[in-house]
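For reference, the structure is listed below as structure tokens.
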Amino acid sequence: MKQKNADKPNQYPEYDQLHLPTIEKEILKWWEENKVFEQSVNTRPDNKRFVFYEGPPSANGKPGIHHVMSRTIKDLFCRFKTLQGYRVERKAGWDTHGLPVELGVEKQLGITKADIGTKITVAEYNKLCREDVMKFTDIWNDLTRKMGYWVDMDNPYITYENNYIESLWALLKMLYDKNLLYEGYTIQPYSPAAGTGLSSHELNQPGCYRNVKDVSAIAQFRLLQTSSEGGGLTAKIQEGVERGGSPFGGQGAGEVYFLAWTTTPWTLPSNTALAVGKDIEYVLVKTFNQFTHQLIHVILAKDLLNKYFPAENAELNFEEYNKGDKKIPFVVLQSFQGSELEGIRYEQLLPYAQPKDGDAFRVVLGDFVTTTDGTGIVHIAPSFGSDDFKVAKQNGIGSLTLVDRSGKFTDEVNDPVFPLQGRYVKEAYLTDAEKEQEFKLQHEILRTNNIIADLKSYMSVDDLIVLKLKLENKLFKTEKYEHNYPHCWRTDKPVIYYPLDSWFIRTTAIKDRLIELNKTINWKPAHTGEGRFGQWLENLVDWNLSRSRYWGTPLPIWTTEDGSETKCIGSIEELKKEIIKAVEVGVLAPHQIIFETENERTFFDDIKSKTSLSERLDSKFAELSLHKPYFDNIILSSDTGKPMKRVDDLIDVWFDSGAMPYAQWHYPFENIEKFQKNFPADFIAEGVDQTRGWFFTLHVLAVALFDSVAYKNVVSNGLLLDKAGNKMSKRLGNVIDPFDTIEKYSADATRWYMMRNSDPWENMKFDLNGLQDVIRSHFGTLYNTYGFFALYANIDSPQTPKGVFKDNSNYVELDRWILSKLNTLIKETTAFYEDYEPTKAARAIEKFVDDDLSNWYVRLNRRRFWKGEMSDDKQAAYDTLYHCLNTVAVLMSPISPFFSDWLYKNLKGKELSVHLEYLPTANEAFIDNDLEERMELAQRTCSLILSLRKKEKIKVRQPLMKVLIPVLNKKMKTQFSKVESYILSEVNVKAIEYVDDASGIVKKKIKPNFKELGKRAGAKMKAIQNAVMSFTSDDIATIEREQKYNLQLDGEVFVLLIGDVEILTEDIPGWLVASESGLTVALDVTITEELRQEGNAREFVNKVQNLRKDKDFQVLDRIKVSVVKNETLEKTLAIFKDYIANEILAKEIVLVDALSEFDEVELNEEILKVKVELN
RNA sequence: AGUCUCGUAGCUCAGGUGGUUAGAGCGUUACACUGAUAAUGUAAAGGUCCCCAGUUCGAGUCUGGGCGGGACUACCA
């Protein structure tokens, strides 16, 4: 910004107008030229560290305004700790792997995942990913600079670098050695047609979910009835059955079945459990099977009863039922809660195979069970549904996987009658020709087995199973059911859920420790740690690390074909050794080692000796990246000499970022000491969406590897929404560009607004109007306050205050007051920052600057600054104001680093920076609560008096004689007397008269002090309240005198203490009174002739001052004033001429008969003709 | 569906441990002030504290149930 007095180097700079973006550009340039960030780190000692971890952003997307939010939080606490003298090194980082990068490249090339390895080599593809991921780095760095986020961008950690990946391998190996890394399976979407698993992203491609019609079936699962076999509810069921008139326990008529619905009958052979809802009510119903017409008892959810049993059929007589009747009679015999059904055993529906482990064929509780569809009882096939898998695992139930990876039934599904073995479970997997051939076969088999004489068309596996169930009295109902079903985006064929091999980190093994250590972490807000994160840990499942993609860290695990032997490689060195060993053993031919080109083959083909192989590997590894495909073909030798292939998977990118405390230093290969000094972090901060992301993976790895937390304090900020509360999205066009915002409104205002508006963990509605307010009200006020200081300091040239004052005893009340406030502010702000409460800190600073410093201290002190020559009192005023401004600059510097530095430089010198300062400590001796209290009393009193003036329409400029203030006690009077002068001058009244009891004119009012009295009175409260409210003034006098009062309540005596009541003054009969929270003032509004003259004088001064200003006179210019004769003014001048002349710096005031040139001014309804000229 | 969270003035937000007139700023309206002047002050209007029930002498605050917004996680037999 342009400095007005730049030619006067010894002065405080003065400026025309505040423009924050300009300030920021200047300051930024200065920071960079002087390496202020580096200095702010290097000037702090190595042995006093505050460790911060930067959560790596992905540079393949552009930064948004929400990044300004989270980075402001990171930056401000690092800056705060620097002020406290800590050394805060901040290493930047980039997250470079993962699906978004791959998808971006695929889109750019117009290819799909299937084309990788065919249309484009994996090596080329990964090269493109590598280039692409860093494409917005410059934009990110630019934002980092412009928003004033101090982080070391020159030495970032980058997750795709070999050193980083090698560290990851070392960590994986550590986990492997601790038996925390294992191979298992999860139920994932799988496309048998493509032979590959699908990610949830792939499943969410448009068009993948389609409405299809499938055969659905409600199967009957027969309850095992003897008490030795069944669960606890047998007796209740038996009672119900017998009440219905059937014998329980026998075969036939007394059988009881669970009804369970499925849209995938092909999973029924793999059924191993049934799930019911704990709080769902179930009923036992007696009826007939519609296909076999046998008498049956079935159990289903009560809510769904009438879906299958029309209410009117309850009237039907069982005796009159004939086979084939459309209307089937039923009767409800019993009802129970789902929880009562738990543990009951049933007969396996289709016993083709038995699960190898676990205790199957029981009823379990599942919280996913609903009564919106089906029967309220869910068929569980753990291999083909992830809910199923989870609930089975929780309940120790084994699984059956009677479908192979090509989507066909296994050989175990060997049915003597129905052709199921080796058949595709989905009709869609068959070609028309296959279907035709299969149809012929089915026709023949069903005919010879006397099931269907002349089959008309192909029957799907689902159809066959339904038919089989029907014949065996195991089917309750079947129908075509239309539902949304996922399809493979590549083959268009339906997807099935299928158990797929994966590598896991056994987080469940360290669950207790994860929970325990989490309790030592300081979460902001606390509920994210206890609630969201805590719940997540309580319900922990093992971390599935496997990803079948291309651009990422390869899982360094090799296994033998049969999976009996595995090896985890923890370093490049180890890999080289294993390669050499493999070549020696003979499982790996040199030409297989690496890689893709003919050149490389010959390169390794002519290996003659071990030494040369080792050397060549060294040179090769030096130039290769540790990504696919370079290890895919390497075959290692197991300990028993068997060949081992690498597991094809990559690892979850969250492992990459969770490992940054170690991998950023290439630990454990280098920098071991550096790592130790920087672990764990004192502080991290990210969006709340990282709770299950980065926050989680950091925690898991730290606990698993080092039995430590990874971070001690964590701030998770909420979402940034548009001003209407909608999520910002390109589609809605409500995205706010961070660069535009900074350019137009400045980074400081943005940062300040974000921090002061609401706690960062709340979702924030971002409104540009809010920025405007912040600039005007906060920065504008502070800027004006500085401007005021500079304006007068440049005239008076006070001594530059040095250091901190030790003594304020000679200072006037107002100075001591603002210094008291200031020291309170230092204390509070420090505590807020230390507690990671930036909003409270910002608001406290804002209140101090706007309310206390500007609107009270400066306003009341203005006269002191422009009146007279330099004096001790003036010096005290300058010292005080300077000290306040300087301290505010330091306190606010973490949040708004630019403006605070600008302010600091203006005050202390251009060569200094606030960011190299140290945080001031509060001087307790300066904090005076009584003083703060009485100043507040003064403010409230002024406010009341001004409101009275207002009511009476008496200008403040019109002096008044006196104001009456009732005081309740001595302390109040003392308090008032010390601030009396401020009140009088602020409200332009000549005297305060204090009235107390003795005066007899104050009317008192009493009411219970509920908080105090409530403790003792309890239920008597109402009665006491009534009694107290009807106290006479004598009663009040009594309690004041005696300090207690014996209250008669229903014959009992209740001793009322003085502390149990509040006594207020509220009225002074005959006076103009205003009252608020126990403070009452009465104003004498009589305007005497003398007062009127004085008012006129002040009015005249005011008008002339306005003229001076209109004419652009300088503050110190002397003037001559001529006025056309006027009687009123003449009278006023007779008394107040000296006063007026002094105020307006007039050498002469003359009354003349006429003026050729003049201005008209209004003086209390009279028009004066006035000429003002320089003298 | 589960977990967490939020709901107070037109808007943005404060309101330890329950206490009787529920606050601030912005905005609106009116008035004032004027040696900080694109600054400042005062006042007015504006509230079923999301709803219902409970505990209590007393609930914005505690308990239960609902409604609505948001985030995350998962699923749809």
Side-chain angles (χ1 to χ4, degrees), chain A residues 17-18 216 260-264 267 275 366-370 372-375 377-381 384-388 390 483-484 525 527-528 530-536 538-539 687-689 691-693 718-719 721 723 725 727 756-759 761-765 767 769-770 772-773 776-777 780-781 783-789 791-792 839-840 843 846-847 850 854-855 858-859 862-863 865-867 942-943 946-947 949-951 953 955-957 986 1007-1015 1017-1025 1076-1077 1102 1105-1106 1108-1109 1115-1116 1143-1145:
Chain A
Q17 214 186 354
L18 175 65
S216 74
W261 179 60
T262 180
T263 55
T264 52
T267 61
D367 51 19
F368 51 86
V369 180
T370 64
T372 48
D373 273 315
T375 62
I377 301 176
V378 177
H379 138 66
I380 299 293
F384 303 112
S386 65
D387 267 349
D388 307 42
K390 221 186 301 170
H483 62 154
N484 228 351
H527 59 72
T528 298
E530 289 156 18
R532 187 183 281 213
F533 196 67
Q535 286 291 330
W536 171 255
E538 292 287 348
N539 301 316
V688 69
D689 51 325
T691 310
R692 274 107 182 212
L719 247 68
L721 308 167
K723 64 178 172 186
K727 211 171 171 173
R756 70 86 57 204
N757 188 64
S758 54
D759 285 326
W761 34 88
E762 303 287 343
N763 288 346
M764 184 190 178
K765 292 177 192 164
D767 186 354
N769 293 324
Q772 204 70 267
D773 288 347
R776 198 169 45 77
S777 70
T781 303
Y783 168 82
N784 275 326
T785 306
Y786 166 75
F788 176 87
F789 170 82
L791 178 65
Y792 292 107
T839 306
K840 288 198 170 92
R843 287 179 182 174
E846 213 174 273
K847 187 170 167 4
D850 300 355
S854 170
N855 292 344
V858 172
R859 195 158 58 83
R862 280 176 295 193
R863 217 177 162 78
F865 286 92
W866 50 263
K867 178 191 69 178
C942 289
S943 173
L946 289 169
S947 78
R949 278 182 168 275
K950 159 103 183 160
K951 236 180 245 161
K953 297 199 193 320
K955 288 180 178 176
V956 178
R957 223 182 277 123
E986 185 67 6
K1007 70 170 194 176
N1009 178 346
F1010 286 94
K1011 201 164 181 173
E1012 282 303 310
L1013 191 56
K1015 286 178 201 156
K1020 294 182 208 139
M1021 202 66 190
K1022 278 251 161 72
I1024 296 174
Q1025 180 180 8
E1076 179 232 47
S1077 318
N1102 163 242
Q1105 296 289 24
N1106 284 342
R1108 283 184 63 118
K1109 182 176 256 160
V1115 170
L1116 298 175
E1143 286 294 309
I1144 60 178
L1145 298 181

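Note that the structure is a prediction, hence the values are computed from the model and not measured. Throughout, a chain's letter reflects where its sequence line sits, starting with A, and its residues are numbered from 1.
Dashed line: the shortest gap from a side-chain N or O of A/Asn855 to OP1 or OP2 of B/U40 is not under 4.0 Å. Not one side-chain nitrogen or oxygen of A/Arg859 sits closer than 4.0 Å to the OP1 or OP2 atom of B/U37. The phosphate of B/U12 has neither OP1 nor OP2 within less than 4.0 Å of any side-chain N or O from A/Asn757. Between A/Ser758 and B/C13 there is a side-chain N or O to OP1 or OP2 distance below 4.0 Å. Residue A/Ser943 places at least one side-chain N or O under 4.0 Å from the OP1 or OP2 atom of B/A43. Neither OP1 nor OP2 of B/C75 sits under 4.0 Å from any side-chain N or O of A/Lys390. The shortest distance between the side-chain N/O atoms of A/Arg532 and the OP1/OP2 oxygens of B/U3 is not below 4.0 Å.
Once rounded to the nearest 0.5 Å, the distance linking CG of A/Leu721 with CG of A/Asp767 reads 12.0 Å. Atom-to-atom distance recorded for A/Thr839:OG1 and A/Trp761:CH2 is 6.0 Å, nearest 0.5 angstrom. Here CG of A/Asn784 is found 8.5 Å from CG of A/Leu18. Values are rounded to the nearest 0.5 Å. Rounded to the nearest 0.5 Å, atoms CD (A/Gln1025) and CG (A/Leu1013) are 9.5 Å apart. In this structure, OG on A/Ser758 lies 10.0 Å from NZ on A/Lys765, to the nearest 0.5 angstrom.
With both ends at atom P, the span from B/G15 to B/C6 equals 12 Å, rounded to whole Å. B/U42 and B/G47: their C1' atoms are spaced 23 Å apart (whole Å). Look at the P atom in both B/U56 and B/G18: the space between them is 15 Å, to the nearest Å. Taking the C1' atoms as reference points, B/U3 lies 28 Å from B/A59, given to the whole Å. B/G16 and B/U55: their P atoms are spaced 25 Å apart (whole Å). B/U21 sits 15 Å from B/C49 when the C1' atoms are compared, rounded to a whole Å. Using atom C1' as the reference point in both B/G25 and B/U40, the two lie 16 Å apart (nearest Å). Between the P atoms of B/C76 and B/G69, the separation comes to 25 Å (whole Å).
Separating the CZ atom of A/Arg949 from the P atom of B/U42 is a distance of 14 Å, rounded to the nearest angstrom. One atom, CD of A/Glu986, and another, P of B/U34, lie 11 Å apart when rounded to the nearest Å. For the pair A/Trp536 CH2 and B/A74 C1', the interatomic distance rounds to 9 Å; values are reported in whole Å. Taking atom NZ on A/Lys765 and atom P on B/C11, their separation rounds to 8 Å, with Å as the unit. In this structure, NE2 of A/His527 is placed 16 Å from P of B/U3, rounded to the nearest angstrom. One interatomic measurement links the two molecules: CD of A/Gln1025 to P of B/U56, which rounds to 19 Å at whole-angstrom precision. When rounded to the nearest whole Å, the span between CE of A/Met764 and P of B/G70 equals 19 Å. Atom CZ in A/Arg756 sits roughly 10 Å away from atom P in B/A14 (whole-Å rounding).
Sequence order on RNA chain B of the closest nucleotides to A/Gly787 and A/Asp759 puts A/Asp759 first from the 5' end. The nearest heavy atom of RNA chain B to A/Thr839 and to A/Asn1102 marks one nucleotide each, and the one closer to the 5' end goes with A/Thr839.
Across all strands shown, the partner of B/A1 is B/U73, judged by Watson-Crick or G-U wobble contacts whose two distances both fall under 3.5 Å. Remark: B/A45 base-pairs with no nucleotide; criterion is Watson-Crick or G-U wobble with both hydrogen-bond distances under 3.5 Å. When both pairing distances are held under 3.5 Å, B/U20 makes no Watson-Crick or G-U pair with any nucleotide shown. Remark: B/C26 base-pairs with B/G10. Criterion, Watson-Crick or G-U wobble with two distances under 3.5 Å.
Every residue meeting the side-chain contact (heavy atoms from CB on, under 4.5 Å) condition with A/Leu946, not counting sequence neighbours, appears here in chain and number order: A/Arg949, A/Val956, A/Val987. For A/Ser854, the side-chain contact (heavy atoms from CB on, under 4.5 Å) criterion is met by A/Thr781, A/Thr785, not counting sequence neighbours.
Applying the 3.5 Å distance criterion, the base of B/A14 shares no donor-acceptor pair with the side chain of A/Arg843. The base of B/A74 lies outside donor-acceptor range of the side chain of A/Ser386, with no N or O pair under 3.5 Å. Residue side chain A/Lys1011 reaches the base of B/U17 through a donor-acceptor N/O pair under 3.5 Å, judged by distance alone.
Here A/Arg776 lies in heavy-atom contact (under 4.0 Å) with sugar-phosphate atoms only. Among the atoms of the strands shown, none is found under 4.0 Å from any heavy atom of A/Lys847.
Taking the six-membered ring for Trp and thresholds of 30 and 60 degrees, A/Phe865 and A/Phe788 have ring planes more than 60 degrees apart, a perpendicular arrangement.
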